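Keep in mind that what you see is a predicted model, and the values were worked out from it rather than measured.
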Amino acid sequence: MEFGLMLANQQPLGTDQREALDEQLRLLRVARDSGWHAVFTGQHFLSGEVTDMQPVPFLARLAADAGDMRVGVGILLLALHNPVEVAEHFAALDVISGGRLTFGVGLGYRQPEYDALGVPMTGSAARFEANLDVVTRLWAGETVDADLPWCRLDGARLALRPLQQPRPPVWMAANSDPAVRRAARLADAWMINPHATIDTVRRQLKLFHSERDATGLAAPVELPAMREIFCAKDRATAAELASKYLADKYRMYAKWGQDKVMPDKESFDIPYDELADQRFIVGSPEDCVRALLPWRDELGIDHFVLRTHWAGMPVEPAAESVRLIGEEVLPALSA
């Protein structure tokens, strides 16, 4: 079992960004010193009501304090980028992190991000797949030709390659059933999103494994899942400290249309208690272990990427949650 800390570093507008960065580094150091294995961040453009820090500079800074922890992007919006730029940037990040990069990618769902980068959403899946092919082939040291409208290569090779060979592991996020099948075909692992209920994931895992079987691929060596979690001395305290910030986060997701790409007509525009059911893990260390055990034992999850800090939350309770998870939840699940 391995455990990664998701540091989204989303902050309310007007936040002192240097202070916020120092707080994220504090959370990282608490995780590093209490047994966590990795640190992740994601990507958005033009987030509107919160600030975001782009993943390459943020992860490079995190790597300086991460010690032996892996660093991961979860996820990079790959269809919005030039694949040569991605291959160069993340090869350098693998070197900076000492060969400890996990490369998580996804398609994204926000029209404003596609519009801002001048990329049509129509055909985005094909663009995503073509970009991933170029990136992984360049990382593997191949000589690459490509005649794409957004990238033309004639015998291109990377001079700086990742330390991990043939490449860093590729995790792919997926919400819809077709996207889960794509992850099964093209990635080393499906990075299970934090929004889906265990019932949805249970059904989609069957799709994932059947698609790999149909394409002649072996079972993945890693099965990661992201979860929203907050740990405190008891359930009431945890709910008091976390529920407002989680509710605000998912109101923003609903506004962005995140739930529109979920299967089974799921909606985030529902009362907090309904939304929290099967999605949020909020409670004592014993509550957290109990909630995560079915993911480990029934679904076979062996990598948890856990987010325990959301925009606007003070750093002190989040740091305590990170510590409690590291010292009490992780050992129980690793036993």
Side-chain angles (χ1 to χ4, degrees), residues 4 7 9 28 37-45 52-108 113-114 116-119 123-173 182-183 185-189 191 217 220-222 224:
L7 292 179
N9 196 23
L28 168 65
H37 304 96
V39 60
F40 282 77
T41 196
Q43 181 175 54
H44 278 296
F45 294 100
D52 260 308
M53 191 171 285
Q54 289 301 311
V56 171
F58 188 37
L59 286 173
R61 178 62 188 90
L62 293 176
D65 282 11
D68 292 335
M69 298 171 76
R70 293 189 65 82
V71 298
V73 58
I75 60 167
L76 185 80
L77 301 172
L78 185 57
L80 300 180
H81 294 272
N82 180 285
V84 173
E85 184 179 34
V86 170
E88 295 267 10
H89 281 173
F90 283 90
L93 190 54
D94 193 54
V95 172
I96 288 169
S97 66
R100 298 185 180 94
L101 173 69
T102 298
F103 185 62
V105 293
L107 196 55
E113 292 177 315
Y114 275 82
L117 277 296
V119 177
S124 59
R127 180 175 176 134
F128 173 88
E129 293 187 19
N131 280 355
L132 183 60
D133 179 65
V134 170
V135 170
T136 54
R137 289 172 63 201
L138 286 171
W139 279 348
E142 294 183 27
T143 299
V144 179
D145 298 318
D147 187 15
L148 304 166
W150 60 92
C151 178
R152 291 185 172 87
L153 303 176
D154 183 8
R157 290 176 63 91
L158 278 192
L160 176 70
R161 292 175 59 201
L163 294 184
Q164 296 177 91
Q165 289 299 315
R167 55 172 172 75
V170 175
W171 294 1
M172 190 176 294
R182 180 166 56 242
R185 294 193 306 272
L186 301 180
D188 299 314
M191 192 174 190
L217 295 170
V221 297
E222 301 173 311

Mind running side-chain contact (heavy atoms from CB on, under 4.5 Å) on Leu107 and Arg182 for me, showing each step along the way?
-> CA-CA 11 Å; Leu107 196 55; Arg182 180 166 56 242; 3.6 Å; yes
Are Asn131 and Arg127 close enough that some pair of their side-chain heavy atoms sits under 4.5 Å apart?
-> yes
Got a sec, which residues hit side chain to side chain donor-acceptor pair (under 3.5 Å) with Ser97, two or more places apart in sequence or on another chain?
-> none
Residues that Glu222 engages under side chain to side chain donor-acceptor pair (under 3.5 Å), provided they are two or more places apart | Trp171, His303
Residue pair Met172 / Ala187: nearest heavy atoms and the distance that separates them | CB-CB, 3.6 Å
Non-neighbouring partners of His89 that pass ring pair (Phe, Tyr, Trp, His ring centres under 6.0 Å), sequence neighbours left out = none
Exercise answer: donor-acceptor pairs, residues 71-80 side-chain atoms, under 3.5 Å, sequence neighbours excluded:
none

Mark yes or no for whether Thr41, through its side chain, and Leu7, through its backbone, hold a donor-acceptor pair below 3.5 Å.
-> yes
Scan Val135, Val134, Thr136 and name whichever one has a side-chain contact (heavy atoms from CB on, under 4.5 Å) with Leu138.
-> Val134
Taken to the nearest 0.5 Å, the spacing of Asn9 CG from Arg61 CZ works out to 12.0 Å
With sequence neighbours excluded, residues passing side chain to side chain donor-acceptor pair (under 3.5 Å) with Glu85 | none
Reported CG-to-CZ distance for the pair Leu217 and Arg185, which is rounded to 0.5 angstrom | 10.0 Å
Look up atom CE in Met69 and atom CZ in Arg100, then write down how far apart they are to the nearest 0.5 Å.
-> 11.0 Å
side-chain contact (heavy atoms from CB on, under 4.5 Å) between Glu113 and His44: does it pass, once the steps are laid out?
-> CA-CA 8 Å; Glu113 292 177 315; His44 278 296; 3.0 Å; yes
Tell me, with the steps shown, if Val84 and Cys151 meet side-chain contact (heavy atoms from CB on, under 4.5 Å).
-> CA-CA 8 Å; Val84 173; Cys151 178; 4.0 Å; yes
Minimum heavy-atom separation for Pro224 to Ala189, with atom names?
-> CD-CB, 3.6 Å
Is any side-chain heavy atom of Phe45 closer than 4.5 Å to a side-chain heavy atom of Gln54?
-> yes
His81: side chain to side chain donor-acceptor pair (under 3.5 Å) partners, not counting sequence neighbours | Gln43
Quick one: pull up CG in Leu101 and CD1 in Ile96 and give me the separation to the nearest 0.5 Å.
-> 10.0 Å
Decide yes or no for Pro220 and Asp188: does some side-chain heavy atom of the first lie under 4.5 Å from some side-chain heavy atom of the second?
-> no
Those residues at least two apart in sequence (or on a different chain) that pass salt bridge (charged side-chain N to carboxylate O under 4.0 Å, His left out) with Arg157 are none
Any residue meeting salt bridge (charged side-chain N to carboxylate O under 4.0 Å, His left out) with Asp145, in chain and number order, not counting sequence neighbours | none
Gly98 and Leu163: which non-hydrogen atoms are nearest, and at how many Å?
-> C-CD1, 3.7 Å
Report yes if some heavy atom in the side chain of Phe90 is under 4.5 Å from a heavy atom in the side chain of Pro162; otherwise report no.
-> no
Where at least one partner belongs to residues 126-163, residue pairs that pass ring pair (Phe, Tyr, Trp, His ring centres under 6.0 Å), sequence neighbours excluded = Phe103-Trp139
Partner residues of Asp154 under the salt bridge (charged side-chain N to carboxylate O under 4.0 Å, His left out) criterion, sequence neighbours left out = none
Which residue pairs pass the ring pair (Phe, Tyr, Trp, His ring centres under 6.0 Å) test with at least one member in residues 58-80, sequence neighbours excluded?
-> none
Partner set under salt bridge (charged side-chain N to carboxylate O under 4.0 Å, His left out) for Asp52, not counting sequence neighbours = none
Could you give me the CA-CA distance, side-chain angles and deciding distance for Arg167 and Asp94, then say whether salt bridge (charged side-chain N to carboxylate O under 4.0 Å, His left out) is met?
-> CA-CA 9 Å; Arg167 55 172 172 75; Asp94 193 54; over 6 Å; no
